[in-house]
Amino acid sequence: MKKLTLLILSLLIVSLSSGCDNKTNVTELNPPASIDGKGYTKNYTIELDDVMKNIEQKNSFTSALPTEYELTATINLAADKDADRIVYEIFVKKPKVQMTNLMMSFSLNPDMLTRLDTSDVFVSNALNEEQIDYSPNSDTNGISLYRAFVLDKTLLDTTVTEVFTELYVKISYTDSSNTLISDYIKMQAEPSKEILDYINNQIAK
């Protein structure tokens, strides 16, 4: 039986899949025990500060995709009764090296902060209490991290189409030689037809 394991914490979700698209064995993680003054765990704050600092430096992120594993990103539309949401998801697949304590984080283009109904455009699995290890011989098909943002139609304009696919991704892990590896990648996520149509229709109104 093909299985997909999801580790869920609020809107922050890291999923490990081992077969197909069916989502079973859902496990909710407990809230972190130690919270700092901003309401985040220490590790989350460290990741947030590091990614934001490197975005400001502008030359820290590379457009070259890593060769040690496959990295992709998608953007989809989730139309719910309470609100419409734009869903960003990154995937790490097919590792060629041992990835111990895999940390995945990403931020949208900072300009998206004023185009979405949110207080921040960052997400990381640093909130998770369970360590994620990923190896070349793993039966897991991939590990993903995603976050959904509420769409405010009044905030969408032509500038959104120029920046909404841009992601700043940080992937870090310890390899088999006990070396900490941190990759900083600026990449374009692949938007679905549904989210493209939604944005273009709102701009046209």
Side-chain angles (χ1 to χ4, degrees), residues 6-17 40-41 43-78 85-113 115-116 118-128 131-136 138 140-149 160-175 179-192 195:
L6 297 182
L7 303 180
I8 303 179
L9 178 60
S10 185
L11 288 178
L12 169 63
I13 301 179
V14 174
S15 61
L16 291 84
S17 62
Y40 301 128
T41 64
N43 287 340
Y44 184 93
T45 303
I46 291 173
E47 285 293 294
L48 171 62
D49 290 345
D50 183 55
V51 170
M52 293 301 106
K53 178 191 70 176
N54 281 282
I55 290 176
E56 291 175 0
Q57 292 177 351
K58 297 184 183 299
N59 59 352
S60 299
F61 286 83
T62 177
S63 59
L65 294 175
T67 58
E68 293 80 11
Y69 51 91
E70 182 179 299
L71 177 66
T72 58
T74 61
I75 310 173
N76 290 290
L77 174 68
R85 292 176 172 84
I86 184 169
V87 184
Y88 289 83
E89 186 167 17
I90 63 172
F91 300 85
V92 171
K93 301 178 181 179
K94 302 178 182 178
K96 298 178 182 178
V97 297
Q98 176 64 35
M99 306 178 80
T100 302
N101 194 21
L102 174 61
M103 300 288 291
M104 302 167 61
S105 305
F106 69 84
S107 172
L108 311 190
N109 183 299
D111 288 345
M112 288 298 291
L113 185 60
R115 298 293 181 267
L116 297 170
T118 184
S119 60
D120 69 89
V121 289
F122 177 77
V123 63
S124 175
N125 70 336
L127 286 172
N128 293 349
Q131 177 175 305
I132 297 175
D133 299 330
Y134 198 19
S135 62
S138 173
T140 297
N141 283 346
I143 300 176
S144 72
L145 170 71
Y146 73 87
R147 180 176 174 182
F149 298 90
V160 170
T161 60
E162 301 172 4
V163 297
F164 86 100
T165 61
E166 190 173 274
L167 293 184
Y168 294 85
V169 181
K170 178 187 177 184
I171 304 294
S172 60
Y173 57 91
T174 301
D175 66 13
T179 300
L180 177 62
I181 307 296
S182 293
D183 296 326
Y184 297 83
I185 307 103
K186 180 181 178 181
M187 63 188 301
Q188 298 295 322
E190 183 68 29
S192 67
I195 190 62

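- Scored by the side-chain contact (heavy atoms from CB on, under 4.5 Å) test, N101 finds M103, Q131 as partners (sequence neighbours excluded).
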Quiz item: Can you list the steps and then say if L102 with D133 is a side chain to side chain contact (heavy atoms under 4.5 Å, CB included)?
Solution: CA-CA 6 Å; L102 174 61; D133 299 330; over 6 Å; no
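- Between T118 and L113, the shortest heavy-atom distance links the atoms O-CD1, 3.9 Å.
- Every residue two or more places apart in sequence or in another chain that forms a side chain to side chain donor-acceptor pair (under 3.5 Å) with Y184 is listed here: D50.
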Exercise. Evaluate the side chain to side chain contact (heavy atoms under 4.5 Å, CB included) criterion for residues D120 and R147: first the C-alpha distance (whole Å), next the side-chain angles of each, then the deciding distance (0.1 Å), finally the verdict.
Key: CA-CA 11 Å; D120 69 89; R147 180 176 174 182; 2.7 Å; yes
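- Checked options D183, T100, I132; the residue passing with Y173 is D183 (criterion: side-chain contact (heavy atoms from CB on, under 4.5 Å)).
- Residues V92 and Y134 share a closest heavy-atom pair of O-CE2, 3.6 Å.
- In this structure, I75 and F164 approach most closely via the heavy-atom pair CD1-O, 3.6 Å.
- Interatomic distance, N43 CG to L48 CG, rounded to the nearest 0.5 Å: 12.5 Å.
- Residues M99 and I171 are in side-chain contact: their nearest non-hydrogen atoms beyond the backbone lie under 4.5 Å apart.
- One N or O on the side chain of N125 and one on the backbone of M104 form a donor-acceptor pair closer than 3.5 Å.
- Atoms OG and NZ, on S60 and K186 in that order, are 11.5 Å from each other to the nearest 0.5 Å.
- Distance CG/N54 to OH/Y168: 11.5 Å, rounded to 0.5 Å.
- Annotation: the span from R115 atom CZ to T161 atom OG1 amounts to 10.5 Å, rounded to 0.5 Å.
- Shortest non-hydrogen contact noted between P136 and Q98 is CD-N, 4.0 Å.
- With rounding to the nearest 0.5 Å, the separation of CG in L167 from CE in M187 is 7.0 Å.
- Side chains of I185 and P66 form a contact here, defined as non-hydrogen atoms less than 4.5 Å apart.
- Contact detail for F122 and M52: the closest heavy-atom pair is CD1-CE, 4.2 Å.
- Heavy atoms from other residues, nucleotides or ligands lying under 6.0 Å from CD of E70 number more than 12.
- Rounding to the nearest 0.5 Å gives a distance of 12.0 Å between CZ of R85 and CG of L116.
- Aromatic ring orientation, Y88 versus F106: tilted (interplanar angle from 30° to 60°).
- Taking both residues in full, the closest heavy atoms of P95 and Y69 are given as CA-CB, 4.0 Å, listed atom of the first, atom of the second, then distance.
- In the model, S124 has a side-chain atom that pairs as donor or acceptor with a side-chain atom of S105 under 3.5 Å.
- Proximity of T72 to E190: side-chain heavy atoms (C-beta onward) are nowhere separated by under 4.5 Å.
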